[in-house]
Amino acid sequence: MKAVLLIILNRLALGVVTLFVVSVLIFAAVNLLPGDFAQAILGQGATEEAVAAIREDLGLNKNPVARYTDWLGGILKGDFGVSFAQANFSSFAGEDASKGGIGSVASQLEPRFKNTLFLAGVSAMIAVPLSLLLGIMAALYRNSVFDRFVNISTLSSISSPEFFLAYVLILFLAVLNPILPSLSNIYAEMTFGDRLHKTLLPALTLTLVVMAHMMRMTRAAIINLLASPYIEMARLKGIKPARVIIFHALPNALAPIINVIALNLAYLVTGVVVVEVVFVYPGIGQLFVDSVKIRDIPVVQACCLVFAAAYILLNLTADIFSILSNPRLRHPK
Amino acid sequence: MDTVAWFLLWVVAIGITGWAFRFAGQKIQWPSDRLNMYFRDMPLMVGIGFMFGLVLLYVVFHYYFIDQSTFFRWAVQGFVIFTVASWLFLTLGKYVGTQATRKIFRQMPLTAAFGILTIIIYAILSIFAGVIAPYGQEEIFEKINVLPGGDPSLGGDPRFPLGTDQLGRDLLSRLIYGGQNTVGIAFITTILAFLIGSSFGFLAATLGGWFDQAVSRIVDALMAIPQLIFALLLLTIATAWAGSNKELITIYMIVIIAVLDSTRVFRLARAVGFNIVVMDYIEAAKLRGENLSYLIFREILPNAYAPLLAEFGLRFCFVFLTIAALSFLGIGIQPPLADWGTMVRDLAQFINFAQFSPHTAALPLMAAGAIALLTVAVNFVVDWMLHKSSGLKD
């Protein structure tokens, strides 16, 4: 047990180091921008004095290392800085955005991050059980018509671009047969049922995108084990094929399956950008793309960091779970 | 709630009829012994599967002949045409060509034949786009927003079978040129990614030591950020660098995606390279005093050929999809170059007219479907190649 704890702590420390490196990378990339933030906020027709004043305001006169530590220190306290677009807006409204009011990136990020998590959660709720079931059935009836059909259709859905699947679903489920809304305008005061109804179409699209990978992995992991002697033994005892697969093969195939599920959950959190744009879903991906278009650097930076953190965290979880589920990894030589 | 109740009802009904089907099959004395044995050994799920297939066939029949849903008919017709075409292609390949190609075609599944046929068609269309397309991609006509279909009484024009866009450019020509631009740029990017990734990977495998450590750690850091997100961040910076120079943005995009994708190629090339480097013939070559370039190009590369080729297909798909997604988000290939991602975004609103004018609503799906068809085709071919090389039989 102690060894396991040590391994987990080890992985967690590695994750923190990775996150640190990533934050340096993001900061460095953003600072490659020609000119600086001050120029970016004011545009090309800015006077020298105005640029100098803003530079002073944002602390751009300091050297990069000091600015990086300031930025990181702020993030650790939950302060992601001030959005350019909102800073402009709030200066009209007469508020000081730097005090965490309406203009702060954190206040923009929070509700959208929750929305994205909701979307990812709903998709996972549909995709994970369905792909496990289909994967087990495809392994059970391997090389049958059913297996071929599932194989071909999942391979097709995994290789299509998200927006193609999204528009096909919109066409059939929203336009031709108006069952679900094609725009997901979600706001805070919605009931859970309403919210679910509006989220269902993007969630279905994401399900189609991630399901194939999980299902194929489940099938492959189970079939890999079928040649091993203990499965042969179980068959010779006369156990039913379904029981052999579910009670004998599946527990040993869990490690790769858990791994691929966690990887796909990571994809759900980070790969939602295109789907959110198609359905105008108010999530963090939509915010990211909008900020990229108007070059609102603080928001872009913050979104990037949030995405990277979610990605690293889920990969870490995958790592830890696959160690826990496999005794051979639990006791490294 | 109603939908859920109906769904459950159908599931129960299929289950019961599936059981009844098996029961009846076992009770009836079939004339052939094989049929008797088949029903005797049939698991319940297979009986249910038969019934499910029957229901599926009925649904297809219903939508095709009774409901006559236009889009469904197009989908079914497209599916049938492609199946027949790839079957003909497969049969042709079995009897025409050299001994070696005929042997390959004899072992090929229908999906792989479909993939190869589609890739050939795309290659021809993209390379000869200038000859095939009726007009230029930037040519502007005075008639704007001509509806597709080519029927003058419905607002179409026989000169523009797919209509024109809001600026008066012929959409058929743009669709064809879009293939040239999107596929061409994706192809160049993939080759660049492979040049970077595999040369660093093989170098890391042969040199080892600090070089391997340094490059591997850099790649780890780059891979820790989700790819599309990082590409978007870097492209924001690149657009600021490029200013209003549209061509420069496209070039920056190629370089950024190539570098980000080369990390995956590096991982594979390094792993494959390490397996080869420990072989005896490498040791022998080193003892002969061969230099680094001989080792990489003459000894390692020929032996790493097969996995790299399969990876090339997969990488191409990923790069192609990334570029299409970026263009769809408005940050990829820049106008006036025609490309499929941008076309989908520009035409997307027409999908709401599906009930009144199916031809118009099909426009965004056509551009998106063109992307999907190519990636599906490449994936089918790669899947077959991997299956063949892994030697899996079960």
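Chain letters run A, B, ... following the sequence lines, proteins first, then strands; residues in each count from 1. Heavy atoms only: backbone and side chains are in, while hydrogens, waters and symmetry mates are out.
- Seen from the ring of B/Tyr64, B/Arg73 counts as a face-on cation partner, given the 6.0 Å and 45° thresholds.
- Residue contact with chain B, scored on non-hydrogen atoms closer than 4.5 Å, involves the side chain of A/Ile170 exclusively.
- The main-chain N or O of A/Ser159 is found under 3.5 Å from a side-chain atom of B/Thr375 such that the two form a donor-acceptor pair.
- Ring-plane geometry between B/Phe353 and B/Phe350 is classed as tilted, the angle between the planes lying from 30 to 60 degrees on a 0 to 90 degree scale.
- The greatest number of non-hydrogen atom pairs below 4.5 Å with chain A, out of B/Leu365, B/Leu228, B/Leu235, is found for B/Leu365.
- Top candidate by heavy-atom pairs under 4.5 Å with chain A, chosen from B/Ala324, B/Cys317, B/Pro364, B/Gly341, is B/Ala324.
- Among B/Ala368, B/Pro226, B/Ala75, the residue with the largest count of heavy-atom pairs under 4.5 Å with chain A is B/Pro226.
- Residue B/Asp383 touches chain A through its side chain alone, counting heavy-atom pairs closer than 4.5 Å.
- Of the two parts of A/Tyr167, the backbone and the side chain both hold a non-hydrogen atom closer than 4.5 Å to a non-hydrogen atom of chain B.
- Of all heavy-atom pairs between A/Tyr141 and B/Met45, the closest is OH-CB, 2.6 Å.
- A search for side-chain hydrogen bond (donor to acceptor under 3.5 Å, both in side chains) contacts involving A/Thr116 returns A/Glu276, not counting sequence neighbours.
- Both the backbone and the side chain of A/Phe307 come within less than 4.5 Å of a heavy atom in chain B.
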